Amino acid sequence: MSIRYEPGAPAGEGFIPLCVPEVRGNEWKYIKECLDSGWVSSVGSFVERLERDLARYVGVEHAVATVNGTAALHVALLVAGVEPNDEVLVSTLTFIAPANAIRYVGAWPVFMDAEPDYWQMDPAKVADFLEKECRWSEGQLLNRATGRRVKAILPVHILGHPLDLDPILDLARKYELAVIEDSTEALGAKYKSQSIGCQGDIACFSFNGNKIITTGGGGMIVTDNEAWGERARYLTTQAKDDPVEYVHGAIGYNYRLTNLQAAMGCAQLEQIEDYIAAKRRIAASYQKALSSVPGIVPMREATWAFSTYWMYTVRVDEKRFGMDSRALLRRLEQAGIQTRPLWQPLHRSPAHAGCASYRCEVADELVRDALSLPCSVGLNEEQQSVVIANLRSLAG
Ligand SMILES: Cc1ncc(COP(=O)(O)O)c(C=O)c1O
């Protein structure tokens, strides 16, 4: 696959891109302020402002900016007390970063299946796993098969749609597990009218190039837990106890976002409601046009959800459409339209071979069928009509 598939990369001359950043606000102005003032690095007013603005937007007490979403997940796992050899239940249908972050702390992912309606982590299977596959021993929840302590759930809200969070939070309370929400793809989404990122114990966002707002690369940890927020700030800034004498009280990380990047983030966050409105308009047009195309099954929004439709995705039913999702990808590519499949489910990832998984059959079907369509905030009506016309003409 070419470099065009890297997040936020321009699609190339004449291509309708999958999902590229939108820069039309104060980005230049704020970045110029950093350059003019010399505040370009990891301290500066824009870092603090982005933390403040994002905390207010999500409705949480504490926000800590990081170099990217993966670093945010790494530190969130540490502050949530996940230790080497613990297990963390995580969605199998997601980009690989959360599973990698679990390994960074020496813990083990246990991959959980997606449900078929909205393609998110299936709470019923999580409940089954905890009830049937785990047992209590001396105040600890242990996986019967591995004997390891189960410490946390790391559900991932994929594609801009929230997962069904209440049953997960109930299970977490019942089994005394921390909930670390990977909200990297769902900034601005809501679950039962509440923002994604304020309901679990701690949550992470990403400002990667293809995300709903971008800083080029960046991330954020959010939590209402003051001690966790302080610990996250400490660990992401090299665990510095004395900045003059360079005394460090723990092994920390150089994970702080730069002021330059935060400047871009502040400008992007000012635009987020417009961006979400654009994404939802694009989704509504696809929904209307594609529901009559045989074999194309558009993504849906649950009654309890407000989706940002960050990455608009359909299922391709090979029998009814006449070709499978990968053949369709190639045909659309020939027509100058960039699309992409979802991720290899993590229970099949060579990088995580040997890790446990629990009845992950739905994710396999979703990955076989799914194709994400062009859905940049800046996608215009003419471009979207070209995508729709191609899908219509290829159906058969
Ligand atoms: C679900 C998910 N988790 C984590 C990440 C990691 O974020 P970053 O690329 O900012 O490290 C991403 C995307 O990039 C993602 O899609």
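Each ligand, and each atom within it, is numbered from 1 in the order the structure gives. Because the structure is a prediction, the values reported are computed rather than measured.
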In chain order, what residues pass the side chain to side chain contact (heavy atoms under 4.5 Å, CB included) check against W304, with sequence neighbours excluded? Y118, H161, P162, D164, Y191, K192, A302
Under 3.5 Å side-chain donor-acceptor pair for Y57 and E273: yes
Just jot down the ligand 1 atoms closer than 4.0 angstrom to any heavy atom of G69, in number order. 7 (O), 8 (P), 10 (O), 11 (O)
Relative to the heavy atoms of D182, which atoms of ligand 1 are at a distance of less than 4.0 Å? 1 (C), 2 (C), 3 (N), 4 (C)
Please could you name the atoms of ligand 1 that A97 approaches to less than 4.0 Å, counting only its heavy atoms? 4 (C), 5 (C), 6 (C)
G218 heavy atoms, cut-off 4.0 Å: which ligand 1 atoms fall inside? 10 (O)
What part of T70, side chain, backbone, both or neither, has a heavy atom within less than 4.0 angstrom of ligand 1? both
Taking atom types as modelled, find out whether Q268 and E27 have a side-chain donor-acceptor pair closer than 3.5 angstrom. yes
Measuring only between side-chain heavy atoms, which start at C-beta, is V67 closer than 4.5 Å to T236? no
Proximal atoms of ligand 1 relative to N208 (non-hydrogen, under 4.0 Å): 9 (O), 10 (O), 14 (O)
Measure up the Y175 and W136 rings against each other and bin them: parallel (under 30°), tilted (30 to 60°), perpendicular (over 60°). parallel
Within 45° cone and under 6.0 Å: R49 NZ/CZ vs Y30 ring: yes
Strictly under 4.0 Å, does any heavy atom of H157 approach an atom of ligand 1? no
Hey, is E270 close enough to R24 for a salt bridge, meaning N to O under 4.0 Å? no
Nearest heavy atom to atom 13 (C) of ligand 1 wins, so pick from M311, E185, K211. K211
Using distance alone, determine whether S206 and ligand 1 share an N or O pair under 3.5 Å. yes
For ligand 1, is C204 a contact, meaning one of its heavy atoms is under 4.0 Å away? no
As an exercise, identify every atom of ligand 1 less than 4.0 angstrom from a heavy atom of T94. 1 (C)
Please check if the distance between the ring centroids of H347 and Y358 is under 6.0 Å. no
Going by distance only, is there an N or O of V156 that falls short of 3.5 Å from an N or O of ligand 1? no
Any carboxylate oxygen within less than 4.0 angstrom of a Lys/Arg side-chain nitrogen, looking at R359 and D113? no
So, 4.0 Å and heavy atoms of P98: is ligand 1 close enough to count as a contact? yes
